Amino acid sequence: MKTNLILVPAAVLVLAGCATSLSEGEAQQRSLSMMKSSFKAQGQASLARLDQDEVQAICSKYRPGESIPKEVTEKIEKAQFAAIKYPAKLMGNWQAGERVAQIGTGFQFSDGPSAPVGANCYACHQMSKQEISYGTIGPSLYQYGKLRGVSEPMQKYTYGKIYNSNAYSACSNMPRFGHNKILTEAQMADLTALLLDPASPVNQ
Amino acid sequence: MADPMKIRAAMLGDKVEVKVLMSHIMETGQRKDAKGASIPAHFIQNVTAVHNGKTVLSAQWGPAVSTNPFLSFRFKGGKAGEKVAITWTDNKGDKRTDEATISA
Amino acid sequence: MNIQRRQALKSGGGMAVMAVAIVAGLIRPQDALAADWNGPAFAAKTVADTVKAMGGASAADSKAIQITAPDIAENGMVVPISVSSSLANTQSIAILVEKNPSTLSASFDIPDGTDPFVQTRVKMGQSSNVYAVVKADGKYYSAVKEIKVTLGGCGG
Amino acid sequence: MERAAVVRADNKDKGGNMLKPYLVAAVLLATAGAANAQNTQQEIERYRQMIADGNPAELYEAKGEGIWKQKRGPKQVSLEQCDLGLGAGVVKGVYAQLPRYFKDADRVMDLETRLVHCMVSLQGISEADAKRNPFSTADRTSDMESLVSFVTAESKGVKMNVSLSHQKEREMYQLGEKMFYFRGGPYDFSCATCHGEDAKRIRLQDLPNLTNAKDAQRAYTTWPAYRVSQSTVRTFQWRLFDCFRQQRFPALEFTSDASVALTTFLAKNANGGTLAAPALKR
């Protein structure tokens with residue numbers, strides 16, 4: 001009996017400890033203010049990069065693989081899609097696209113103002129047979145165009161997906177290259193060509 | 001002053017197997033520091049290993065040997081408890097000698 | 001350095017830049033002052049010139065030399081290479097990287113009683129053939145192995 | 001046998017086409033992509049094994065021990081009386097229980113933060129000086145890298161055992177978890193973008209899923225590590241700093257609250273894993 005009497009308060013204490021951990025809202029707020037005081041601006045990376053836009057704020061709430069409610073994804077996709085701006089010419093030059101796909105620098109605080117900004121496609125996607133050093137965070141894009149054809153709607157879809165991945169897949173891992181002004185129109189058109197042009201190594 | 005080496009010498013059958021790690025930048029002469037100034041070449045040029053007064057290995061290196069160089073070799077005629085001494089000299093004239101006792 | 005190097009590695013043509021970098025440090029006059037350091041051999045740009053600078057006319061292919069190294073190096077800054085020779089009276093072993101602008105990486109004198117075997121690590125600016133050149137009984141022999149250097153990940 | 005012969009023959013007549021042997025092998029196996037990837041992975045694994053023997057981190061461990069025992073700072077004392085969590089002067093096993101709450105500082109601290117604390121409180125070194133040189137550069141070595149190598153090596157073989165018994169430890173864990181999923185910057189990246197799913201890789205580098213215990217253990221217990229690509233030992237503080245750089249975030253300040261919070265989250269997730277640091281990595 002005596003041991004029981006001692007054990008019970010101990011258990012209560014542990015529970016009380018857990019109960020006083022931060023609420024979801026508190027944790028959110030304190031985490032953000034902690035980050036603001038723990039990062040410092042360096043090179044081209046200002047503290048404003050910690051200010052989330054609506055998509056980033058919503059997507060931070062979901063874990064990878066966690067299913068996101070349909071009304072949430074639809075809302076994001078609709079708004080992001082509406083903001084896509086298409087150039088007159090959707091397909092550029094696949095050779096230039098291959099160069100952009102290989103470049104991994106850009107927007108890091110260590111990148112000087114003249115450092116090239118690339119799309120770094122190979123970091124996450126298999127693209128061609130030639131490049132064996134490719135990542136698997138995104139799906140393989142090998143024979144992307146060969147499987148889908150080069151129709152106008154396909155060009156538009158491909159350009160749009162590069163411009164803003166969230167227009168088609170809310171909370172995608174892929175950067176919104178056009179929406180966030182990472183790549184130029186010409187670069188995105190060149191990447192579209194890399195994916196769709198029958199002569200591109202992607203489609204061999 | 002140069003940091004000490006890590007030397008392991010152990011009997012492997014009737015031979016002594018020596019493994020050495022040296023603390024050296026092995027600078028190629030082409031890197032730049034934070035201010036953009038070239039860092040001068042600085043690398044080990046000569047390595048010798050001596051056991052009982054006899055040279056058991058001597059080497060000449062260029063800056064293409066990796067930073068913090070690793071070297072392994074084997075020789076006959078050593079016994080547990082005896083010593084192996086390694087010496088390196090670099091292109092700036094820095095020099096370092098360390099010793100290890102051969103383990104069984 | 002790492003960032004620049006990655007960039008150099010990524011833009012295929014830029015690879016030579018790193019390699020040139022490796023040699024440039026070599027050929028400074030004060031380096032040649034070291035007593036037992038073969039300056040001309042370390043300044044040589046080809047396998048043939050290196051063999052000549054080491055004192056041989058040419059090096060014959062030999063199956064008695066074994067190079068142990070990975071087919072693919074995850075990073076060119078550290079490429080593990082070991083060389084062993086079963087040639088009688090092996091006197092020296094040298095490691096040469098063909099596409100490093102200074103071909104010779106290291107050479108080892110092997111006295112009597114020391115195994116004709118060395119293991120070390122070298123830098124490679126790009127994928128290249130690696131040669132082991134062995135002097136045995138006064139003659140020069142060689143073996144070759146191709147080693148590929150892969151690109152790294154997250155973008156510099 | 002035949003396959004190997006073909007590959008070797010191809011190796012010999014090389015003309016700068018680094019893929020050729022793989023393509024030959026691939027054709028023979030009739031499944032191009034899979035064969036390619038498998039060969040590459042196998043060879044890289046072989047590369048890792050070949051460099052595993054003779055880790056230059058040992059040079060840093062030895063140097064770090066010297067710095068730990070050296071009388072330094074205005075007070076001319078060594079760090080040997082520093083309390084890293086298991087009592088003054090105890091080094092063995094401490095890394096397995098960090099980060100933790102320290103009453104004397106009323107703060108949760110990771111190893112680097114605690115070392116800075118000891119340099120300030122024991123040796124009389126200014127905080128700014130103690131934090132001045134956390135990561136070595138091309139032209140400058142870092143005592144912190146050596147000290148961390150020495151301390152962590154003293155926990156080799158010990159199982160990770162981070163406790164969340166103090167309220168502030170629980171809070172830091174929670175804040176670190178939030179940070180892990182925080183998406184921001186021009187690329188929308190969070191830690192979870194690369195480290196939230198199983199069996200992914202970037203280029204050829206495997207990415208640990210840090211939300212899965214096994215991966216988290218393997219990753220955390222092999223930091224700090226001698227990075228061959230950088231020719232130096234990199235600490236866990238550096239690991240986070242450089243991840244955020246590549247996430248396109250601003251610079252994470254050394255020993256900041258956010259760095260400790262995220263470390264608490266990751267270290268706790270690695271509980272049960274056996275420490276093998278400083279390890280050797282690409």
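Scope of the values below: all heavy atoms of this structure, side chains included, with no hydrogens, waters or symmetry mates. Residue numbering restarts at 1 for every chain, and letters A, B, ... go by the order of the sequence lines. Remember, predicted model here, so these are calculated numbers, not experimental data.
- Distance check: A:Ile58 CD1 to D:Arg183 CZ gives 11.5 Å after rounding to the nearest 0.5 Å.
- Interface remark: of the candidates A:Pro175, A:Ser172, A:Ala57, A:Cys171, A:Pro175 forms the most heavy-atom pairs closer than 4.5 Å to chain D.
- Considering CD of A:Gln28 and OH of D:Tyr181, their distance stands at 13.5 Å, rounded to 0.5 Å.
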Practice problem: Might you work through the salt bridge (Lys or Arg N to Asp or Glu O under 4.0 Å) test for D:Lys178 and A:Glu24, ending with a clear yes or no? | Solution: CA-CA 9 Å; D:Lys178 281 270 169 267; A:Glu24 186 65 18; 2.6 Å; yes
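- Atom CD of A:Gln29 is surrounded by 12 or fewer heavy atoms from other residues, nucleotides or ligands within 6.0 Å.
- The shortest distance between side-chain heavy atoms of A:Lys40 and D:Leu252 does not fall below 4.5 Å.
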Practice problem: Take D:Phe241 and A:Phe109 through the ring pair (Phe, Tyr, Trp, His ring centres under 6.0 Å) test and state the conclusion after the steps. | Solution: CA-CA 11 Å; D:Phe241 173 86; A:Phe109 60 67; 5.5 Å; yes
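- In terms of modelled atom types and a separation under 3.5 Å, the side chain of D:Arg170 and the main chain of A:Ser21 share no donor-acceptor contact.
- Proximity of a side-chain donor or acceptor of A:Arg63 to a complementary backbone N or O of D:Ala192 within less than 3.5 Å is not detected.
- Heavy atoms of D:Ala261 lying under 4.5 Å from chain A belong exclusively to its side chain.
- Of the possible polar contacts, one joining the D:Arg248 side chain to the A:Gly106 backbone as a donor-acceptor pair under 3.5 Å is found.
- For chain A, the option among D:Gly185, D:Ser165, D:Gly176, D:Gly196 with the highest count of heavy-atom pairs below 4.5 Å is D:Gly185.
- A donor-acceptor pair under 3.5 Å is formed between the side chain of A:Ser38 and the backbone N or O of D:Ala258.
- Residues of residues 41-50 of chain A placed with any heavy atom under 4.5 Å of a heavy atom in chain D are listed by number as A:Ala41, A:Gln42, A:Ala45, A:Ser46, A:Leu47, A:Arg49, A:Leu50.
- Residue D:Glu177 touches chain A through its side chain alone, counting heavy-atom pairs closer than 4.5 Å.
- Ranked by heavy-atom pairs under 4.5 Å with chain D, the list A:Ser60, A:Gly65, A:Ser140 is led by A:Ser60.
- D:Glu171 places no side-chain N or O within 3.5 Å of a backbone atom of A:Leu22 that could act as its donor or acceptor partner.
- For the atom pair D:Ile202 CD1 and A:Tyr134 OH, the distance stands at 14.5 Å (nearest 0.5 Å).
- Proximity to chain A (any heavy atom under 4.5 Å) is restricted, for D:Phe189, to the side chain, taken from C-beta onward.
- A donor-acceptor distance shorter than 3.5 angstrom exists from the side chain of A:Thr136 to the backbone of D:Arg201, with no hydrogens or angles considered.
- Ring geometry for A:Phe39 versus D:Phe244: interplanar angle over 60°, hence perpendicular rather than tilted (30 to 60°).
- Side-chain contact between A:Met35 and D:Phe249 is present, with at least one heavy-atom pair separated by less than 4.5 Å.
- For the atom pair CD1 of A:Ile137 and NZ of D:Lys200, the computed distance is 8.0 Å after rounding to the nearest 0.5 Å.
- Rounding to the nearest 0.5 angstrom, the gap separating the CD atom in A:Gln52 from the CZ atom in D:Phe182 is 3.5 Å.
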Exercise. Go through D:Tyr187 and A:Asn180 one step at a time and tell me if the side-chain contact (heavy atoms from CB on, under 4.5 Å) criterion holds.
Key: CA-CA 8 Å; D:Tyr187 285 30; A:Asn180 283 334; over 6 Å; no
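- A:Pro64 and D:Glu197 make their closest contact through CB-CG, 3.8 Å (heavy atoms, listed as atom of the first residue, atom of the second, distance).
- Remark: side-chain polar atoms of D:Gln174 are not paired, donor with acceptor, to backbone N or O of A:Ser31 under 3.5 angstrom.
- Both the backbone and the side chain of D:Thr193 come within less than 4.5 Å of a heavy atom of chain A.
- Here the CG atom belonging to D:Asp257 is positioned 16.0 Å from the NZ atom belonging to A:Lys36, to the nearest 0.5 angstrom.
- The environment of CD in A:Gln204 is crowded: more than 12 heavy-atom neighbours from other residues, nucleotides or ligands sit within 6.0 Å.
- Surrounding CD of A:Glu54 are at most 12 heavy atoms belonging to other residues, nucleotides or ligands under 6.0 Å away.
- When the shell of 6.0 Å around CZ of A:Phe81 is examined, it contains 12 or fewer heavy atoms from other residues, nucleotides or ligands.
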